[in-house]
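Treat the numbers as computed from the prediction; the structure is a model and nothing was measured.
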Amino acid sequence: VQLQASGGGLVQAGGSLRLSCAASGRTFSSYVMGWFRRAPGKERDFVAAISWSGDSTYSSDSVKGRFTISRDNAKNTVYLQMSSLKPDYTAVYYCAATTVWGSRSPRSYYYWGQGTQVTVSS
């Protein structure tokens with residue numbers, strides 16, 4: 001499956017953004033979808049994941065209450081709604097696909113999008 005992330009940009013602290021990740025192919029609903037981010041000089045960190053049907057999610061403690069992951073299998077798209085953004089959230093955000101539920105490790109994910117830059121100014 002091929003993934004294409006979009007929706008990043010420059011936003012002021014406290015603002016909101018919605019990232020999208022469009023997937024190619026007919027097997028989108030066969031994958032758990034996740035979002036990761038890599039801040040400058042840091043490793044790629046887990047953000048959130050959503051189950052095949054979208055009825056279950058989990059996220060990192062650092063974004064709970066601020067970020068919401070969702071998916072639309074009819075549109076082959078997964079979203080990350082980000083609110084109350086902080087400068088610390090500045091990073092390249094990646095969407096990824098796996099068949100493993102419950103993992104927070106990027107090594108569990110098979111397919112990756114190219115990333116979209118999110119910059120939060122103070």
Side-chain angles (χ1 to χ4, degrees):
V1 60
Q2 293 184 326
L3 304 174
Q4 180 75 34
S6 62
L10 174 63
V11 62
Q12 289 188 333
S16 299
L17 276 177
R18 188 177 81 157
L19 306 183
S20 299
C21 175
S24 65
R26 300 181 179 181
T27 59
F28 178 69
S29 60
S30 300
Y31 295 98
V32 170
M33 297 300 297
W35 286 95
F36 289 78
R37 64 187 179 189
R38 175 175 282 166
K42 296 186 178 180
E43 294 183 349
R44 193 172 299 193
D45 290 333
F46 171 78
V47 174
I50 189 166
S51 64
W52 301 264
S53 64
D55 59 351
S56 297
T57 66
Y58 59 98
S59 60
S60 69
D61 289 343
S62 64
V63 303
K64 281 182 179 177
R66 296 175 182 264
F67 290 10
T68 302
I69 187 171
S70 61
R71 69 189 295 163
D72 185 339
N73 285 346
K75 296 182 178 180
N76 282 8
T77 303
V78 61
Y79 305 96
L80 186 68
Q81 178 67 49
M82 307 186 295
S83 61
S84 301
L85 288 165
K86 303 188 294 184
D88 286 352
Y89 293 159
T90 294
V92 177
Y93 283 72
Y94 300 89
C95 58
T98 182
T99 56
V100 177
W101 178 246
S103 175
R104 298 169 184 260
S105 171
R107 293 189 295 272
S108 297
Y109 285 74
Y110 314 137
Y111 303 104
W112 292 84
Q114 85 290 359
T116 185
Q117 176 71 47
V118 172
T119 302
V120 184
S121 64
S122 57

Does one hydrophobic cluster hold both Val1 and Leu19, with members joined at side-chain heavy-atom distances below 4.5 Å?
yes
Does Arg71 make a cation-pi contact with Trp52 (under 6.0 Å, within 45 degrees of the axis)?
no
For Tyr94, is the NZ or CZ atom of Arg37 found under 6.0 angstrom from the centre of its six-membered ring and inside 45 degrees of the ring axis?
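Relative to the ring axis of Tyr94, which defines the angle, Arg37 lies outside at least one limit.
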Would you say [X] and [Y] make side-chain contact, with heavy atoms under 4.5 Å?
| X | Y | result |
| --- | --- | --- |
| Arg44 | Trp112 | yes |
| Ser70 | Gln81 | no |
| Tyr109 | Phe36 | yes |
| Leu80 | Val47 | yes |
| Phe67 | Ser60 | no |
| Tyr93 | Arg38 | no |
| Leu10 | Ser121 | yes |

I need the single residue from Val78, Thr77, Asp72 that forms a side-chain contact (heavy atoms from CB on, under 4.5 Å) with Phe28. Which is it?
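For Phe28, the side-chain contact (heavy atoms from CB on, under 4.5 Å) check succeeds only for Val78.
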Contact summary for [X] and [Y], nearest pair of heavy atoms:
| X | Y | answer |
| --- | --- | --- |
| Ala13 | Pro87 | CB-CD, 4.0 Å |
| Ser59 | Lys64 | OG-CG, 3.3 Å |
| Met33 | Ala97 | SD-CB, 3.6 Å |
| Thr90 | Pro40 | O-CD, 3.9 Å |
| Arg104 | Phe46 | O-CB, 3.3 Å |
| Val118 | Met82 | CG2-CE, 3.9 Å |

Between Thr57 (side chain) and Ile50 (backbone), is there a donor-acceptor pair under 3.5 Å?
no
Within the side chain of Gln4, is there an N or O that forms a donor-acceptor pair under 3.5 Å with the backbone of Cys21?
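No, Gln4 side chain to Cys21 backbone: no donor-acceptor pair under 3.5 Å.
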Test item: side-chain donor near acceptor, [X] and [Y], under 3.5 Å:
| X | Y | value |
| --- | --- | --- |
| Arg66 | Tyr89 | yes |
| Ser103 | Ser108 | yes |
| Thr98 | Tyr111 | no |

dist Ser24:OG -> Leu3:CG (nearest 0.5 Å) comes out at 7.0 Å
Could you please spell out the steps behind the side chain to side chain contact (heavy atoms under 4.5 Å, CB included) verdict for Ile69 and Tyr79?
CA-CA 6 Å; Ile69 187 171; Tyr79 305 96; over 6 Å; no
Verdict with reasoning, Trp101 to Tyr31, per ring pair (Phe, Tyr, Trp, His ring centres under 6.0 Å):
CA-CA 9 Å; Trp101 178 246; Tyr31 295 98; over 10 Å; no
